[in-house]
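Okay, handing you the structure first.
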Amino acid sequence: MDRVPGVGRLLLALLAACAAPLHAFTSNTGGASAQFLRVGVGARALGMGEAYGPVAEGAESIYWNPAGSAMLQGPDLAYSHSESMTFFHHDYLAYAHPVRALRGTLGVSGAFFYQDSLNAVDNTNRTVGSFQPHSEVLSLSYARAFDIDDEALTRDREYFGPMWNHPGAVRPLYPEEDFWHGRLAFGFAGKYVKETLYRRSASALALDGGILYRHHDYERLHASLVFRNLGTAMRFIQESEKLPLELAGGLSYDARFSADRRVLLAVEAAQPYYGPPYGKVGAEYSAPVSDRYTMAFRLGYKTVSLAELGPLAGLTAGVGVGTQRLSLDFGFQLLGDLGESYRLGANIRF
């Protein structure tokens, strides 16, 4: 029996679930607070158009898809610094550590978003000082991965090999009987969010969550579903506004031409609570340049800024170099009349 139709049904179901607009969501783009939570992290992710939910590798997965940290084989430390429009700055630091006793991975991360100092003026337009708006978020995450096979069928397969004996008959064990069997990872990240503007501040609690799924027969294909910033409203003085809740789903495919040459393709569709849906696509080619170093080249595109800033806005690219333990990355995004956004990143694997 042909196995492709079954997998096709799975992919169509995932794409329909993640790409269809939700009627409860609204087009009021100015209705959410803490927009800095939508500033992505990691230079590698930016170079791939931030289509990173289905990729989610390393400690940076705490932001993009907490389920990704469940795949770590050892501790991982990530740092990135972003510059946008010359006066917006963003720093991110994350650490993830597999804990055998918990059968999963614990992670912690922090992000600091700030801009250049602004003049403080009184009601007569007289300068009385200066202030620097800033925002912070602290996260604590947990992720776990497990197989969703039928244990009895797995034992039978191992014992009988490619054939399954039945009374009076012998029939093959076709993989389509294991349609949903594969590797599933899930993860959650609790967050404390705070924004400060002059002498006023507001805070909120939020939750991120996601899953990564890989079918046993198609191990190079990953599917993801993620939600971000589900939480309490932030209250400045008398006004309260919700956080920028977002749902996203994506697919990635790891094509390997040889043991050390890799092409990674990713696509993701996102639906914010406030604003229209948008898409992200990205690609990465990596190959060794010596016995020790590997180079990576990336290209991506995001449609989130297309209508306001022109067709080239949203184009991203990046480059990286790394060893088995350390990687350094650089990425940038065109922002039309607003200039460019740059991001530097480093990742250490212990």
Margin query: Which heavy atom of L72 sits nearest to which heavy atom of A96, and what is that distance?
Written below: CD1-CB, 3.5 Å
Notebook entry, point to check: When you check the side-chain N and O atoms of Y95 and H97, is any donor under 3.5 Å from an acceptor?
Noted result: yes
Notebook entry, point to check: How close do L77 and A94 get, heavy atom to heavy atom, and via which atoms?
Noted result: CD1-O, 3.3 Å
Check: So how far is it from R214 CZ to R220 CZ, rounded to the nearest 0.5 Å?
Finding: 12.0 Å
Notebook entry, point to check: Under 4.0 Å between a Lys/Arg side-chain N and an Asp/Glu carboxylate O for K194 and E136?
Noted result: no
Notebook entry, point to check: Is any NZ, NE, NH1 or NH2 atom of the basic residue among R298 and D329 found under 4.0 Å from an Asp or Glu carboxylate oxygen of the other?
Noted result: yes
Notebook entry, point to check: Is the number of heavy atoms from other residues, nucleotides or ligands under 6.0 Å of R235 CZ greater than 12?
Noted result: yes
Check: Roughly how far, to the nearest 0.5 Å, is the NE2 atom of H90 from the OG atom of S80?
Finding: 7.0 Å
Note to self: Count I, L, V, M, F, W, Y as connected when their side-chain heavy atoms are under 4.5 Å apart, and connections chain through other members. Are V193 and V39 then in the same cluster?
What the structure shows: yes
Checklist line | Y253 OH to L265 CG distance, which is reported to the nearest 0.5 Å | finding: 9.0 Å
Check: So, does T316 use its side chain to make a donor-acceptor pair with the main chain of G47 at under 3.5 Å?
Finding: yes
Notebook entry, point to check: With a 3.5 Å cut-off and no angle check, do the side chains of N229 and K242 form a donor-acceptor pair?
Noted result: no
Note to self: Tell me the closest heavy-atom pair linking G187 and P66, and the distance in Å.
What the structure shows: C-CB, 3.6 Å
Note to self: Using only atom types and a distance under 3.5 Å, with no angle test, would you say the side chain of T232 pairs donor to acceptor with the backbone of L205?
What the structure shows: yes
Check: Is any side-chain heavy atom of M234 closer than 4.5 Å to a side-chain heavy atom of E195?
Finding: yes
Next item on the list: Looking only at non-hydrogen atoms, find the nearest pair between A270 and P272 and report the distance.
Entry: O-CD, 3.9 Å
Next item on the list: Please round to the nearest 0.5 Å and tell me the distance separating atom CG of L118 and atom CZ of F87.
Entry: 9.5 Å
Next item on the list: Start with the C-alpha gap between D76 and N347, add the side-chain angles, then the distance that decides, and say whether side chain to side chain contact (heavy atoms under 4.5 Å, CB included) holds.
Entry: CA-CA 7 Å; D76 192 273; N347 186 275; 2.9 Å; yes
Notebook entry, point to check: Does atom OH of Y293 have more than 12 heavy-atom neighbours, drawn from other residues, nucleotides or ligands, at distances under 6.0 Å?
Noted result: no
Checklist line | Min side-chain heavy-atom separation E50-K302 under 4.5 Å | finding: yes
Next item on the list: Measure the shortest side-chain to side-chain distance between F113 and H134 over non-hydrogen atoms and say whether it is less than 4.5 angstrom.
Entry: no
Check: Going hydrophobic residue to hydrophobic residue with side-chain gaps under 4.5 angstrom, can you get from Y114 over to L197?
Finding: no
Checklist line | Residues V137, Y192; criterion side chain to side chain contact (heavy atoms under 4.5 Å, CB included); working and verdict | finding: CA-CA 5 Å; V137 57; Y192 173 74; over 6 Å; no
Item checked: Test item: side-chain donor near acceptor, Y63 and D208, under 3.5 Å -> no
Next item on the list: Give the cluster check for F146 versus I211: same hydrophobic cluster or not, with ILVMFWY residues linked at side-chain heavy-atom distances below 4.5 Å.
Entry: yes
Checklist line | F297 and Y285 aromatic centres sub-6.0 Å | finding: no
Item checked: Spacing of CG belonging to L334 relative to OH belonging to Y301, to within rounding of 0.5 Å -> 9.5 Å
Notebook entry, point to check: Below 4.5 Å, heavy atoms only, C-beta onward: do F36 and F88 meet side chain to side chain?
Noted result: no
Notebook entry, point to check: Hey, what do you get for NZ (K191) to CG (L138), rounding to the nearest 0.5 Å?
Noted result: 11.0 Å
Checklist line | Non-hydrogen side-chain atoms of L251 and P54 separated by less than 4.5 Å | finding: no
Checklist line | Minimum heavy-atom distance between M71 and A185, given as atom pair plus value | finding: CE-CB, 3.6 Å
Next item on the list: Just say parallel, tilted or perpendicular for the rings of Y213 and H215, cut-offs at 30° and 60°.
Entry: perpendicular
Next item on the list: Examine distances only and state if a side-chain atom of S69 and a backbone atom of S61 form a donor-acceptor pair shorter than 3.5 Å.
Entry: no
Check: Are any side-chain N or O atoms of R325 and backbone N or O atoms of F350, one a donor and one an acceptor, separated by less than 3.5 Å?
Finding: yes
Checklist line | V108 side chain near L93 side chain, heavy-atom distance below 4.5 Å | finding: no
Notebook entry, point to check: Which residues pass the side chain to side chain contact (heavy atoms under 4.5 Å, CB included) test with V55, sequence neighbours left out?
Noted result: R44, M48, Y52, E57, S252, L264, A266
Check: Same cluster or not: are I62 and W64 linked, directly or through other Ile, Leu, Val, Met, Phe, Trp or Tyr residues, by side-chain heavy atoms under 4.5 angstrom apart?
Finding: yes
Next item on the list: Establish, from distance only, whether the side-chain atoms of E246 and Y278 form a donor-acceptor pair under 3.5 Å.
Entry: yes
Margin query: Could you walk me through whether L247 and Y273 satisfy the side chain to side chain contact (heavy atoms under 4.5 Å, CB included) test, starting with their C-alpha distance in whole Å, then the side-chain angles of each, then the deciding distance to 0.1 Å, before giving a yes or no?
Written below: CA-CA 8 Å; L247 303 179; Y273 188 90; over 6 Å; no
Next item on the list: Find out if a path of hydrophobic residues (ILVMFWY) with successive side-chain heavy-atom gaps under 4.5 Å connects L225 to F227.
Entry: yes
Next item on the list: Would you check if the distance from the ring center of Y92 to the ring center of Y79 is below 6.0 Å?
Entry: no
Notebook entry, point to check: Taking 4.0 angstrom as the limit, do E268 and K280 come out as a salt bridge?
Noted result: yes
Check: Taking the side chain as C-beta and beyond, is there a heavy-atom pair between Y142 and T105 under 4.5 Å?
Finding: no
Next item on the list: Please work out whether the ring planes of Y342 and F332 are parallel, tilted or perpendicular, with thresholds of 30° and 60°.
Entry: tilted
Notebook entry, point to check: With distance as the sole criterion, is a donor-acceptor pair present between the side chains of E83 and H89 under 3.5 Å?
Noted result: yes
Check: Strictly by modelled atom types, are S341 and S84 linked by a side-chain donor-acceptor pair under 3.5 Å?
Finding: yes
Item checked: L245 side chain near L243 side chain, heavy-atom distance below 4.5 Å -> no
Checklist line | Residue pair S82 / R343: nearest heavy atoms and the distance that separates them | finding: OG-NE, 2.9 Å
Check: Which is it for V121 and V128 under the side chain to side chain contact (heavy atoms under 4.5 Å, CB included) test, yes or no, and what are the steps along the way?
Finding: CA-CA 5 Å; V121 297; V128 294; 5.8 Å; no
